[in-house]
Amino acid sequence: MKKILNIGLSALFVTGAMMLSGCSDKFLEEKKNYGNYVAENIYNDYTSAKLRVNTMYNYMLPRANNSSQYWRFPSTGAADIFSKSTEEYGGFSNFTNPNTNIDYNNVEDLFHNELKIRSSPWAYLREVNDIIEGVTASSLAQEAKNELLGQTYFWRAWIYYRLVTTYGGVPIIEKVQDAFQGDSGGSEIIVPRSTTKQCIDFICADLDRAASMLPSKWDQSEFGRITKGAALALKGRTLLFWASPLFNRADNTDRWEAAYQANLAAKNELEAAGFGLAYENAPGVNGAGWNKMFLGADDEARKEAVFVTMYNTLDPNANDDISFNNSWENSIRPSNTGGGGGKEVTAQMVDLFPMADGTRPTVANGYKTETFYANRDPRFYRTFAFCGTMWTFDGTPSAYKPESYTYPYDGKSYELWNYTWYKESAKQQDSCYTGKATDGVGKGCVYLRKGSADQGLNVPATYAYTTTDGFKRSSAPYMEIRFAEVLLNLAESAVGASHNSDAMDCLKRIRTRAGLPAGADGSYGLGTISDRAKLFEAVLYERRVELCYEGKRYDDCRRWLLWDGGAGQGTLKGSWALTGFGGNTCTYLGVKPLKGTRRQGIELRLGDTYLADMTDGVDKTTWPAVFNARPDALDINVDGIKDTDTKMAALISFHQTYLKRKTTRVDGDEVYKMDWRPEYYFLGFKVSAAKANLSLPNNIGWLDYNTGRMGEFDPLAE
């Protein structure tokens, strides 16, 4: 397979093509020596112009493995600074750490970064504008122009969506700027910040252009390219942001209606093109279809993928520049599988999911925290892995096999047993301490399982397992926008615009696909909801469950001001105080503010009488009384999950006899609780951005480096 050469304006990376095609030779075929082209000829040749567009996919497609380049890629579900600001992970981010004050010196820079290619959104914007100008002025046929321009207008909207939802209004730049024009030292290229409303209109106009030019669906060989439905879905998400309390303090229903119409148009377009809820009519056992959807296993799974990044399993050490691996599977697998060690979830998330009948997990509805794993929503079992369950895989990690006990270590029969023990009884009770886990697992916690390629699903493995790399070479796709989110965006905007029946229909469809029963009243556990605030809360609750660990919760919390309900906004500026939503969104929704709370972990430890030296080098997995009492592990691909089902009942009995649920600290010293300052809802500019543009005003609530005064730009002003 040939490499693509430099074509003058910027390097074209083969990985950009790989993300789209899944290693398609057709997509990577080198037809000409583009290094000899001058810029104007690049756009007169369809192949080279298309490669320019492909470069933007390489630059800007979201990355499932993102852990630090927040300015470049959105949160995708890892334990990053955004997810750790919510209930999903423990450990304070800078935003929520009560001992950290953020100012223009240490704020995350999603605006500026270094002003060079691959280091700044503004550098990307210049590339996009260059493509738009070049293709528009080219001699290509109009059909070819539309195909290329439609994708490029989407990417320009994506850049602005990321900036505007974070900072409010930013400079709108629609053309390639020439830094050497005139004699003013470049002052004529400085563009002032536009209002947020002007930016929202600009984003929507670009997405409308994109939608008018793009196909509803590409050929299978081009799967992953932006479609008309993807453009409309991003427009719907953008207008939902604009209608939410973050921007809509007075609860203007016209904004909700606009968001509703946009999301309805996206839903209708996507369904007409063959997109939809994957496995909606075949949920399978315990949400098997819901799980397979994340793996892109077949055409049915791909129905869900609206805005998607594709990966491959090629060896990154092969030096051919075309490997592009998704490391998510590796990151969530426990250490004794050869994985990266796993991701610990919080008790707040475990205790959040509905019961098996769709009702909330309350004592009145039969929820028992000690046996938290029984009688839950099917999505629970596909999202979390807990002690006593099978979590099989295609591989045999013999290099990781502990020598201190006999264990069926073939991946096809892997069982997760990770209860813990302690040396001292006092530490058994103390939340400061965690015990030593059995079976060489390392952590006695509840693990994140979502998106895992469980071999029990009977689909081809998405990874090429090796004992040296574990699961790192995975081709599982990452969906930045999937159809379920489109339905949830529609549901939320429908509530705001008083289309309540549409909102309920969307929620019921999502629960149908999850495998929840309709129930006698046909509400799928939702009951009858007529109150607007309660219906809003029901939608946000469903988002917390359906979209958890997909990088969406932080923005939902920002949109709804959920750290404090909006308290303190009026102190930043009087007109910022909420006049809608009852004056406080948390009170309005009936939810507890995140500020002032703590996250906890869950550990299943052995009972009080089981004490042993944890430093003697002996793994107590073979502790006879406990080891021999282990029941058959629960196989969620075939076994029932009600507490009366045979295997579940046996697991409950084992836990009740030998184990106890322990709350552990994941937020450190208990004197510290989640914090949040009112100005964090809109970020301010880092000092590097201010130095690069001396006329750039900072947001209200943030000190302006250039003036030495508090920022004066109002993200809420229209």
Side-chain angles (χ1 to χ4, degrees), residues 82-90 93 95-96 240-241 243-249 251 256 345-355 358-365 367 369 377 379-380 485 488-489 491-496 500 503-504 506-507 510-511 525-550 552-569 577-600 667 673-678 680-681:
F82 304 114
S83 293
K84 289 172 72 172
S85 298
T86 73
E87 314 95 327
E88 294 186 341
Y89 291 104
S93 73
F95 295 120
T96 57
L240 180 63
F241 240 111
S244 300
L246 176 65
F247 288 108
N248 187 15
R249 304 296 169 89
D251 194 9
W256 289 111
V345 301
T346 63
Q348 283 68 29
M349 291 304 296
V350 169
D351 292 333
L352 170 72
F353 275 57
M355 303 299 291
T359 58
R360 300 289 177 99
T362 64
V363 173
N365 290 333
Y367 184 49
T369 55
D377 182 316
R379 292 170 292 185
F380 176 92
E485 187 203 334
L488 287 165
N489 292 346
E492 186 177 335
S493 54
V495 176
N500 290 4
M504 291 294 290
C506 290
L507 296 181
I510 287 170
R511 290 191 163 206
L526 295 165
T528 301
I529 310 175
S530 56
D531 180 80
R532 184 173 184 260
K534 291 181 179 178
L535 191 49
F536 265 135
E537 191 278 331
V539 175
L540 291 171
Y541 175 82
E542 202 67 26
R543 293 180 72 95
R544 293 172 71 190
V545 173
E546 176 71 22
L547 303 178
C548 70
Y549 299 103
E550 296 183 43
K552 304 298 186 287
R553 179 59 176 165
Y554 177 79
D555 275 349
D556 284 352
C557 290
R558 283 187 61 235
R559 289 191 304 108
W560 277 88
L561 311 171
L562 294 183
W563 283 277
D564 59 4
Q569 291 297 292
L578 275 75
T579 56
F581 310 102
N584 184 290
T585 57
C586 291
T587 303
Y588 177 76
L589 296 170
V591 299
K592 186 176 182 179
L594 289 172
K595 181 177 179 178
T597 64
R598 291 176 52 81
R599 285 75 52 95
Q600 290 88 31
D667 279 346
K673 297 180 180 179
M674 292 180 72
D675 196 14
W676 184 267
R677 288 164 53 178
Y680 291 172
Y681 288 111

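Positions are given from 1, in the same order as the sequence printed here.
Interatomic distance, CG of Leu540 versus CH2 of Trp560, reported as 6.0 Å (0.5 Å rounding). In this structure, CG on Leu507 lies 6.5 Å from CG on Leu488, to the nearest 0.5 angstrom. Interatomic distance, OG1 of Thr86 versus CD of Gln348, reported as 10.5 Å (0.5 Å rounding). Rounded to the nearest 0.5 angstrom, Ser83 OG and Lys552 NZ are separated by 10.0 Å. We find the CG-OG1 distance between Asp675 and Thr597 to be 11.0 Å, quoted to the nearest 0.5 Å. Leu561 contributes atom CG, which lies 5.0 Å from atom OG1 of Thr585 (distance to the nearest 0.5 angstrom).
Residue pairs meeting the salt bridge (Lys or Arg N to Asp or Glu O under 4.0 Å) criterion with at least one member in residues 554-566, sequence neighbours excluded, are Glu492-Arg559, Arg543-Asp556, Asp555-Arg558, Asp556-Arg559. Listed by first then second residue, pairs satisfying salt bridge (Lys or Arg N to Asp or Glu O under 4.0 Å) with a partner in residues 579-588 number zero, not counting sequence neighbours. Evaluation of the salt bridge (Lys or Arg N to Asp or Glu O under 4.0 Å) test over residues 528-540, restricted to residues two or more places apart or in two chains, returns Asp251-Arg532, Arg360-Glu537.
Every residue two or more places apart in sequence or in another chain that forms a side-chain contact (heavy atoms from CB on, under 4.5 Å) with Asn584 is listed here: Ala567, Cys586, Thr587. In this view, Cys506 and Leu487, Leu490, Ala491 satisfy the side-chain contact (heavy atoms from CB on, under 4.5 Å) rule, not counting sequence neighbours. Under the rule for a side-chain contact (heavy atoms from CB on, under 4.5 Å), the partners of Arg544 that lie at least two apart in sequence or sit in another chain are Glu87, Leu352, Arg553. Taking Tyr588 as the reference, Phe581 meet the ring-ring contact (aromatic ring centres under 6.0 Å, His included) condition, with sequence neighbours excluded. The ring-ring contact (aromatic ring centres under 6.0 Å, His included) test applied to Tyr89 returns Tyr549, not counting sequence neighbours. Contacts of Phe241 classified as ring-ring contact (aromatic ring centres under 6.0 Å, His included), with partners at least two apart in sequence or in another chain: none. Applying the salt bridge (charged side-chain N to carboxylate O under 4.0 Å, His left out) test to Arg677 and every residue at least two apart in sequence or in another chain returns Glu679. Scanning for side chain to side chain donor-acceptor pair (under 3.5 Å) contacts around Ser85 gives Ser93, with sequence neighbours left out. A search for salt bridge (charged side-chain N to carboxylate O under 4.0 Å, His left out) contacts involving Glu88 returns nothing, not counting sequence neighbours.
Two residues are said to be in side-chain contact when any heavy atoms from C-beta on lie closer than 4.5 Å; Trp676 and Pro593 fail this criterion. In this structure the side chain of Trp256 reaches within 4.5 angstrom of the side chain of Asn248, judged on heavy atoms. Proximity of Thr362 to Tyr367: side-chain heavy atoms (C-beta onward) are nowhere separated by under 4.5 Å. Side chains of Tyr554 and Phe95 form a contact here, defined as non-hydrogen atoms less than 4.5 Å apart.
Looking at Lys673, Arg598, Lys84, Arg599 one by one, the single match for salt bridge (charged side-chain N to carboxylate O under 4.0 Å, His left out) with Asp667 turns out to be Arg599.
Judged by distance alone, the side chain of Tyr681 and the main-chain N or O of Leu246 form no donor-acceptor pair under 3.5 Å. Under a 3.5 Å cut-off, the side chain of Arg379 and the backbone N or O of Arg511 do not form any donor-acceptor pair.
Looking at every heavy atom in both residues, Ile529 comes nearest to Ala538 through CD1-CB, 3.8 Å. For the residue pair Phe353 and Cys548, the shortest heavy atom distance occurs at CZ-SG, 3.8 Å. Annotation for Glu550 and Glu546: closest pair OE2-O, 3.2 Å, computed over non-hydrogen atoms.
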